[in-house]
Protein chains: 2
Amino acid sequence: MNEPETTLEFAVDSLLEVLPSVWDRIRSNFRAAGTSKFGITLEQFHTLRHIYKGCCYTGDIAEKRQVSCSAVSQAVDVLVTKGLVTRAQESGDRRQFRLELTPYARRVLDENYMENRALIKQKIARLSREQRAIVVQSMEILKAVFISA
Amino acid sequence: MNEPETTLEFAVDSLLEVLPSVWDRIRSNFRAAGTSKFGITLEQFHTLRHIYKGCCYTGDIAEKRQVSCSAVSQAVDVLVTKGLVTRAQESGDRRQFRLELTPYARRVLDENYMENRALIKQKIARLSREQRAIVVQSMEILKAVFISA
DNA sequence: CAAAATATTTAAGGTACTTAACTATTGCGC
DNA sequence: GCGCAATAGTTAAGTACCTTAAATATTTTG
């Protein structure tokens, strides 16, 4: 194997080619699996995850997801209707509502997370330890570049 | 820095944590940038890319994108309305229509691609050559695992 | 040639996003 | 303290995108 191509342009093209397709597969896996069992979508799953991880206000989630407050507000409406999230007015600032997961949501989240993990695990099980290390390192790099700062 | 964690579980969690967020950022970048200039969405951009790369039938694209034929058919409707795609009945099998990009679509695709590239390039410009190499290798691994096979 | 299979579209329904306009609350300047 | 801008969020209208089920058209098969 030759020296791998590492120009900036090549890296960009690589990301632009692979990430959309990988995302399509993950979404498809998620749909095919336990999702329908609980009737939530991948987007709803991620919204629940953000709340679980401490994004308790509409604005926080909008910032993380990079969408409008409006979009989050409507997404939360659906989750409230489904009995997964509650809006509680108990903070000092009465303009904002603290979002909380219901006990049911915790179960849904756990089960979907496990199911999701199992699917991805199966996909990447064939990788060598070295290959896994590369993927993990890459995720850390992408996280630092795209999400932080 | 210690030996990086490379268990299968860790790799799975790493993917599940980072990919959704990176995807959110890419979509957001795409929207913020030249997209609105041409009035296409990220999904439409990828549909055009698939046609450009030789997926000329509804079924092909559905397979690549992992969605229903129905979804593709409707997405193509929009693209036809926008003057970006034509449906031509010229193959041997008259049930399928060959999808083709209009000259205008090629320009839209080129310009959006460049704009998109510029944004991602800016994000990852700070990476070292070694870090870029890791990202590129990782994309090749993910491509092999998720898309082929 | 009838029946099954294939490729696609249409229809109905829900989710997900946008911008713009609106409500409610907070906090600042005077 | 009062007025007003800023902030947090929702509502409204409109588009896109996806699903399943049913319909249409064509090809293949027995």
Side-chain angles (χ1 to χ4, degrees), chain A residues 20 23-24 26-33 35-48 50 55-82 84-99, chain B residues 20 23-33 35-48 50 55-82 84-85 87-99:
Chain A
W23 183 249
D24 281 344
I26 288 179
R27 191 180 45 185
S28 168
N29 273 346
F30 189 83
R31 273 201 280 259
T35 308
S36 51
K37 200 160 62 185
F38 298 102
I40 65 168
T41 67
L42 184 57
E43 305 282 0
Q44 289 166 357
F45 174 71
H46 286 301
T47 300
L48 293 178
H50 280 304
C55 284
C56 299
Y57 299 101
T58 303
D60 294 345
I61 299 174
E63 158 66 24
K64 290 272 185 192
R65 301 263 348 267
Q66 297 278 289
V67 297
S68 66
C69 276
S70 212
V72 176
S73 181
Q74 294 170 73
V76 169
D77 277 348
V78 174
L79 294 173
V80 169
T81 301
K82 289 189 175 180
L84 294 161
V85 173
T86 55
R87 284 186 175 98
Q89 188 165 45
E90 51 182 22
S91 120
D93 189 333
R94 284 189 303 172
R95 284 170 303 184
Q96 43 188 20
F97 299 86
R98 169 171 289 271
L99 302 175
Chain B
W23 184 249
D24 281 344
R25 296 282 161 165
I26 288 179
R27 191 179 45 185
S28 169
N29 272 347
F30 190 83
R31 272 201 280 260
T35 308
S36 51
K37 201 159 62 184
F38 299 102
I40 65 169
T41 67
L42 185 56
E43 305 281 0
Q44 289 166 356
F45 174 70
H46 286 302
T47 300
L48 292 178
H50 281 304
C55 284
C56 299
Y57 300 101
T58 303
D60 294 344
I61 299 174
E63 158 65 24
K64 289 274 185 193
R65 301 262 349 263
Q66 298 279 291
V67 297
S68 66
C69 276
S70 215
V72 175
S73 180
Q74 294 170 77
V76 170
D77 276 349
V78 174
L79 295 173
V80 169
T81 302
K82 289 187 175 181
L84 294 161
V85 172
R87 283 186 174 99
Q89 189 166 46
E90 51 183 22
S91 120
D93 188 332
R94 283 189 303 173
R95 284 170 303 185
Q96 44 189 17
F97 299 84
R98 168 171 290 272
L99 302 175

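Here the structure is a predicted model, which is why all the values come from computation and not from measurement. Reminder, nothing fancy here: chain letters follow the sequence lines and each chain counts from 1.
Checking the phosphate oxygens (OP1, OP2) of C:dA16, a side-chain nitrogen or oxygen of A:Thr41 falls inside 4.0 Å.
For B:Arg94, there are no salt bridge (Lys or Arg N to Asp or Glu O under 4.0 Å) partners, not counting sequence neighbours. Under the rule for a salt bridge (Lys or Arg N to Asp or Glu O under 4.0 Å), B:Asp60 has no partner lying at least two apart in sequence or in another chain. Residues that satisfy the salt bridge (Lys or Arg N to Asp or Glu O under 4.0 Å) test with A:Arg95, not counting sequence neighbours, are A:Asp93. The side chain to side chain donor-acceptor pair (under 3.5 Å) check on A:Arg27 picks up A:Asp24, with sequence neighbours excluded. Under the side chain to side chain donor-acceptor pair (under 3.5 Å) criterion, A:Gln66 pairs with B:Ser28, sequence neighbours left out. Applying the ring-ring contact (aromatic ring centres under 6.0 Å, His included) criterion to B:Phe97, with sequence neighbours excluded, gives no partner residue.
Across the protein-nucleic acid pair, B:Gln89 atom CD and C:dT9 atom P stand 11 Å apart, rounded to whole Å. Nucleotide C:dT9 holds its C1' atom 9 Å from the CZ atom of B:Phe97, rounded to whole Å. C:dT15 atom C1' lies 11 Å from atom CG of A:Leu79, rounded to whole Å. In this entry the distance linking CG of A:Leu42 with C1' of C:dG14 reads 16 Å, nearest Å. Put simply, CZ on B:Arg87 is 9 Å from C1' on C:dT8, counting in whole angstrom units. If you take CD of B:Glu43 and P of C:dC17, they are 11 Å apart, rounded to a whole angstrom. Regarding A:Arg31, its CZ atom lies at a distance of 11 Å from the C1' atom of C:dT15, rounded to whole Å.
Nearer the 5' end of DNA chain C, as judged by each residue's closest nucleotide, is the contact made by A:Val78, out of A:Val78 and A:Asp93. In terms of position along DNA chain D, the nucleotide closest to A:Gln96 lies nearer the 5' end than the nucleotide closest to the other residue of the pair B:Arg94 and A:Gln96. Comparing A:Gln74 and A:Arg27 by the nucleotide of DNA chain D whose heavy atom lies nearest to each, the residue mapping closer to the 5' end is A:Gln74.
Within residues 59-71 of chain A, the residues that place at least one heavy atom under 4.0 Å from DNA chain D are, in residue-number order, A:Gly59, A:Cys69, A:Ser70.
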How far apart are the C-alpha atoms of A:Val72 and A:Thr47, what are their side-chain angles, what is the distance that settles it, and do they pass the side-chain contact (heavy atoms from CB on, under 4.5 Å) test? CA-CA 8 Å; A:Val72 176; A:Thr47 300; 5.5 Å; no
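Within 4.0 Å of B:Gln44, counting heavy atoms only, lie sugar-phosphate atoms of the nucleic acid but no base atom.
Counting heavy atoms from C-beta outward, B:Leu99 and B:Ile61 have side chains that approach closer than 4.5 Å.
Among residues at least two apart or in separate chains, salt bridge (Lys or Arg N to Asp or Glu O under 4.0 Å) pairs with a member in residues 67-82 of chain B are B:Asp77-B:Arg87.
Contact footprint of chain A on DNA chain D: nucleotides with an atom under 4.0 Å from a non-hydrogen protein atom, first to last in 5' to 3' order, D:dA6 to D:dT19.
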